[in-house]
Structure formats: C-alpha cells, structure tokens
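Have a look at the structure that comes next, please.
When a ligand or atom number is given, it counts from 1 through the structure's own listing order. Keep in mind the model is a prediction, meaning the values are calculated, not measured.
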Amino acid sequence: MRKKTQMIHGGIFGDEATGAVSTPIYQVSTYKQDGIGGLRQGYEYSRTANPTRHALEELIKDIEGGKRGFAFGSGMAAITSVMMLFNSGDHVVFTDDVYGGTYRVMTNVMNRLGIDSTFVDTSDQHQVRSAIQQNTKAIFLETPTNPLLKVTDIQAISDLAKENNLLTIVDNTFITPYFQNPLSHGADIVLHSATKYLGGHSDVVAGLVVVNSDQLGENLHFVQNSSGAILGPQDSWLLIRGIKTLGIRMEEHESNTKRIVEFLDQHDKVGKVFYPGLESHIGHEKMKQQSAGFGAMISFDVGSEEKADQLLSKIKYFTLAESLGAVESLISVPAKMTHASIPRERRLELGIADGLVRVSVGIEDIEDLLEDLEQALS
Ligand SMILES: *Cc1c(COP(=O)(O)O)cnc(C)c1O
C-alpha cells in the first residue's frame, strides 16, 4: 500500500459492527461483561483500551511501520510515558535543541525522580559517543530540529545505540511519517506531538508513540494503563480524521515551502535561510537519504529584533503563534518566544539570532503567501 492510501486505509477501516465508514466515537468508560471476566471484544475499561483510541493506535502503528501504537493526551504526555520505561539511576542522551518542553520535563521533573539527561549535538556522532555513560539507557533524537532544522543521521545513531545496548527514540513531529519512518532506520521508538501535522487543523492536543517490539509494546501499555495519560475518544477521532489528509497536506505544505524558500533566499532584506531542502543546508544530504521530503518549517534571519517586529506587525496571513504544522501559516520569533528562557549569549552560540524568524508554512494559496511576505518585508 502506498503512503497516501495507507493514511486512509491503514489501521482499522470503519466499524465492523455497523458498516459505518468512519470509526465511531465510542464515548464510553466501561463495558458490560457476560459473567465475570466475560469480555465481548476484550474491552473492559477505557483507560486500558477504548475502540476509537484503538483504531487510532492501529493507524499510527501502520503508518510508522511498527509493532504497536499508543495515543496519549499530549505530546508531552507521550514523552513522559516513554521516560517511565526507565528507572531511577538511568541516564538518557538527548539532542541539544530538542523541543523546550522535552528539555523542561527532563531537567525539572524526571531529574527529581532520578532519571538524568545530557544534551549534545546529535548531528555529531563523536559528541553522542562521548556522552554515553555506564548508566545510559537510551538516545533521544529530534530530527530535523527547531528552529535551525539540524539533521541527525538516524541509522548511524541507532547503530551506535545497538553497540551499546541502548534504545533509540525519535521525536518525528517536524517531518511526519508521511516523509520519514525512523523505525525503518533502526530506531526502537518513534513519537509525535500529534497536535502538529497529524491533527493538522489547530484543534486537538495529542501525542502518539509507536514501538518496534512486542516487549516494548507490553511495557509501554503497562505504563499507559498504570499512569493513565490517555487520549479521549473524541480527540482520537479528530486525529483519525486529520491523518486521512496527511498525504495531500504534506505535499501542499512542502510545495508552498519550496516557493517561499526560493523567494526568501534571493530577497535582499533576508539574511541566512535555514531549510534542509536547500543544497547549502548542512543536513541536506543526510535528510535526502532518510526522508522522502524536507517538510515545511523554515527559519530566516531578518537582521535584528526591530526588523522582525516590523515584519510581524505588517504580515497578514501568517498568524503570530507558537505551535506548527497546521493548515494555516504560523510565524514566530524564537528569541522572544519559544527560546526566550535561554540566555542571549547561549542563544547566539546556538545560532538563534535576535532577528531569526520561524515560519510554519500552511496550505493557503502560494501567491497570497508570497505577496504577503513581499509587502511585509518591504
Ligand atoms: C509541540 C511539540 C512537542 C510537545 O507536544 P504537545 O502536544 O504540545 O504536548 C514535542 N515535540 C515537538 C517536536 C513539538 O513540536
């Protein structure tokens, strides 16, 4: 089955009981038993399993090519639940510019429970190798990253992880399973903030995880059922609906992005443009090998905070907001928004200039987006 078809026919198609083509929203907490322990379809209580959530979990399992899928109440709930596979005293190596919430939960919550972390530039294998300690249990990658779109070689890091008996975990939010399947490059666990492209319409907060072995599946289901950070049936249904159009949305997101990158790259008011689709981007070749597309996130430097402010005050179709991956184009200034908590010197070291603007390109008509950028930049 090809990718676009899989988005629609993957998992469980429709409803066995009624023939409904759309999976029904099973808004239910508990299930009638025919005698004690006599469960009809294996459903007992909806924290443990719910048919709508199960349909979504089967769908994400199929489109990531794994053994078992899980749906959580947010991307952070998914990441936290995966971390609960580890024990006090364990250590995990992370990509240094991971999502801010991931950094926060590791350095302010998990550390209190004895799970330690080190953050290194995972696009450099030497740095990863030297960060591995006696008690390291996993390497957690985000590729490409926010906002500089740094690319990590998933296969190379997975090989290094296997040599050292570590799990490889990949946050695949930015590029989506339509373009990139980390499990096929040796990763053990892939996860998503489904709030972004998978939902795609800025109307649901959710997280998804897929694992590549039955054992990991059992362990993560034990955590999911024990700690209970599940996704509800209504939101599960919204995600199934969102994923059906993931293929056409990603194609449109990416073709709009290519045009915008070309426009920005030759514009005299714009400095460096960060997009892995550009041949000049440091991660371009790696990305081409491991992903069928370059996605729709771009960052570019307009030179100063004032110029970024001017751009934001004039732009019409790019909504000033955090988040990404929705049908509407979004714009943000990392230094003042998502990365404001990082001291300026450290930010500049990381390459996040004061005038760096990040755009999540939507699927509006490209001519409107280009005209809007032109008028706002001039
Ligand atoms: C948004 C995001 C998260 C967190 O997901 P929520 O659904 O907001 O909890 C994790 N990783 C990445 C890359 C994200 O963009």
Heteroatom proximity flag, Gly75 to ligand 1, N/O under 3.5 Å: yes
Residues passing the ring pair (Phe, Tyr, Trp, His ring centres under 6.0 Å) test with Phe119, sequence neighbours excluded, are Phe94, Tyr103
Is there a polar contact, in the sense of an N or O pair closer than 3.5 Å, between Met76 and ligand 1? yes
Tell me whether Ile132 at atom CD1 has more than 12 heavy atoms from other residues, nucleotides or ligands lying less than 6.0 Å away. yes
Any chance the rings of His253 and Tyr197 have centres within less than 6.0 Å? yes
Cut-off 3.5 Å, side chains only: do Tyr317 and Asp365 have a donor facing an acceptor? no
Distance-only N or O hit between ligand 1 and Asp171, under 3.5 Å: yes
From the list Arg347, Lys336, Lys307, salt bridge (charged side-chain N to carboxylate O under 4.0 Å, His left out) partner of Asp354 resolves to Arg347
Could you identify the single nearest non-hydrogen protein atom to atom 7 (O) of ligand 1 and state the distance to 0.1 Å? Thr195 OG1, 2.6 Å
Please confirm whether Ser323 approaches ligand 1 to less than 4.0 Å, judged on its heavy atoms. no
Here the atoms of ligand 1 under 4.0 Å from any heavy atom belonging to Ala206 are 7 (O)
Atom indices of ligand 1 within 4.0 angstrom of Glu142 heavy atoms, with elements: 13 (C)
Would one find an N or O of Ser193, backbone or side chain, under 3.5 Å from an N or O of ligand 1? yes
Considering heavy atoms of the protein only, find what lies nearest to atom 15 (O) of ligand 1 and give residue, atom and distance to 0.1 Å. Lys196 NZ, 2.7 Å
Measure from atom 10 (C) of ligand 1 to every heavy atom in Tyr99, Tyr197, Phe174 and give the option owning the shortest one. Tyr99
Is a salt bridge present between Glu322 and Arg358, judged by a nitrogen-to-oxygen distance below 4.0 Å? no
Anything under 30° is parallel, anything over 60° is perpendicular, the rest tilted; go ahead and classify Phe294 against His284. parallel
Below 4.0 Å, non-hydrogen atoms only: which portion of Ala194 touches ligand 1? Side chain, backbone, both or neither. neither
Is atom CD of Gln266 surrounded by more than 12 heavy atoms (other residues, nucleotides or ligands) closer than 6.0 Å? yes
Contact atoms of ligand 1, heavy-atom distance to Ser74 under 4.0 Å: 7 (O), 9 (O)
